[in-house]
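These figures come from a predicted structure and were not determined experimentally.
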Amino acid sequence: QVQLVESGGGLVEPGGSLRLSCEFSGFQWDYYAINWFRQVPGKEREGIACLSDEDESEYYVDSMKGRFSVSRGKDKNTVYLQMNNLKFEDAGTYYCAARLGGYDTRDGLVHAACNSAPYTPDMMKYWGKGILVTVSS
């Protein structure tokens, strides 16, 4: 059964750091890119970060570039979102999601890259339930 579970959210002061985790199961880690989305009430769910299936490409939304980073755990089924120098406007509900790659006839491999990011929510195949991040002094 497919499952993605976010953890590590909570309350942090401006300028502080937080690390979110996305632990997933039920699909092959090297066939899917992991994307992070942020949503606040009344706004569209926004793709803010991406890590390709084999960690060859990354994406960060401009407002978070240089402050946020994604990485994969040793077990390959955990992806982290490290958030540094947090700002009030970073608050919201964060979701991790999996995008299935396509079969490439040139090399016979499945590729799920981040080179065309940001990706829209409809491009994701699986979703976590989300986790709240609050930035407050």
Side-chain angles (χ1 to χ4, degrees):
Q1 185 174 353
V2 172
Q3 190 173 46
L4 295 90
V5 180
E6 302 95 341
S7 62
L11 176 66
V12 64
E13 294 186 359
S17 297
L18 210 60
R19 189 182 74 167
L20 303 184
S21 297
C22 174
E23 186 175 4
F24 58 89
S25 59
F27 59 89
Q28 293 185 237
W29 66 270
D30 56 344
Y31 282 8
Y32 293 80
I34 300 298
N35 291 257
W36 288 93
F37 290 79
R38 172 184 172 271
Q39 188 169 32
V40 296
K43 295 281 189 176
E44 298 287 333
R45 192 171 296 183
E46 179 187 18
I48 56 93
C50 177
L51 181 65
S52 66
D53 53 358
E54 295 183 81
D55 307 343
E56 295 182 351
S57 59
E58 302 172 27
Y59 164 81
Y60 306 96
V61 67
D62 286 344
S63 61
M64 299 175 178
K65 196 173 299 180
R67 299 188 296 117
F68 287 19
S69 63
V70 290
S71 61
R72 193 181 300 275
K74 293 180 180 179
D75 64 357
K76 307 298 183 183
N77 291 96
T78 302
V79 171
Y80 302 102
L81 178 66
Q82 179 69 44
M83 304 183 291
N84 296 325
N85 192 24
L86 282 157
K87 304 176 180 180
F88 290 115
E89 53 265 39
D90 295 325
T93 301
Y94 283 75
Y95 301 84
C96 64
R99 185 181 71 87
L100 177 62
Y103 179 77
D104 191 337
T105 58
R106 293 173 294 181
D107 58 12
L109 302 175
V110 175
H111 297 283
C114 297
N115 57 305
S116 296
Y119 298 100
T120 53
D122 59 291
M123 296 178 180
M124 305 297 113
K125 188 170 180 64
Y126 304 116
W127 287 89
K129 294 182 178 180
I131 192 164
L132 186 64
V133 172
T134 302
V135 183
S136 177
S137 60

What pair of heavy atoms forms the shortest contact from [X] to [Y], and how long is it?
X: A33; Y: S52; value: CB-CA, 4.0 Å
X: S57; Y: N115; value: OG-N, 4.2 Å
X: S137; Y: P14; value: N-CD, 3.8 Å
X: L81; Y: A49; value: CD1-CB, 4.1 Å
X: L4; Y: C22; value: CD2-SG, 3.9 Å
X: G9; Y: I131; value: N-CD1, 3.3 Å

Side chain of [X], backbone of [Y]: donor and acceptor closer than 3.5 Å?
X: R99; Y: A113; answer: yes
X: E6; Y: C96; answer: yes
X: R38; Y: D90; answer: yes

Nearest 0.5 Å, please: how far is [atom2] in [Y] from [atom1] in [X]?
X: L100; Y: Q28; atom1: CG; atom2: CD; answer: 10.0 Å
X: N77; Y: W29; atom1: CG; atom2: CH2; answer: 8.5 Å
X: K87; Y: M64; atom1: NZ; atom2: CE; answer: 9.5 Å
X: L51; Y: Y59; atom1: CG; atom2: OH; answer: 14.5 Å
X: D30; Y: E54; atom1: CG; atom2: CD; answer: 5.5 Å
X: N35; Y: C114; atom1: CG; atom2: SG; answer: 6.0 Å

What residues form a side-chain contact (heavy atoms from CB on, under 4.5 Å) with N85, not counting sequence neighbours?
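Once residues adjacent in sequence are excluded, the partners of N85 under the side-chain contact (heavy atoms from CB on, under 4.5 Å) criterion are R67.
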Between K65 and D62, does the salt bridge (Lys or Arg N to Asp or Glu O under 4.0 Å) criterion hold? Intermediate values first, please.
CA-CA 5 Å; K65 196 173 299 180; D62 286 344; 3.1 Å; yes
Grouping I, L, V, M, F, W and Y whenever their side-chain heavy atoms are under 4.5 Å apart, do [X] and [Y] come out in a common cluster?
X: Y60; Y: M124; answer: no
X: V5; Y: F24; answer: no
X: W127; Y: Y94; answer: no
X: V79; Y: F68; answer: yes
X: Y119; Y: Y32; answer: no

V61 versus P118: any side-chain heavy-atom pair under 4.5 Å?
no
Taking the side chain as everything from C-beta on, heavy atoms only, tell me whether D104 gets closer than 4.5 Å to L109.
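No. Closest side-chain heavy atoms not under 4.5 Å.
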Tell me if the OH atom of Y80 is crowded by more than 12 foreign heavy atoms within 6.0 Å.
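Atom OH in Y80 is packed in, count exceeds 12.
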Over 12 non-hydrogen atoms of neighbours within 6.0 angstrom of CD in Q82
yes
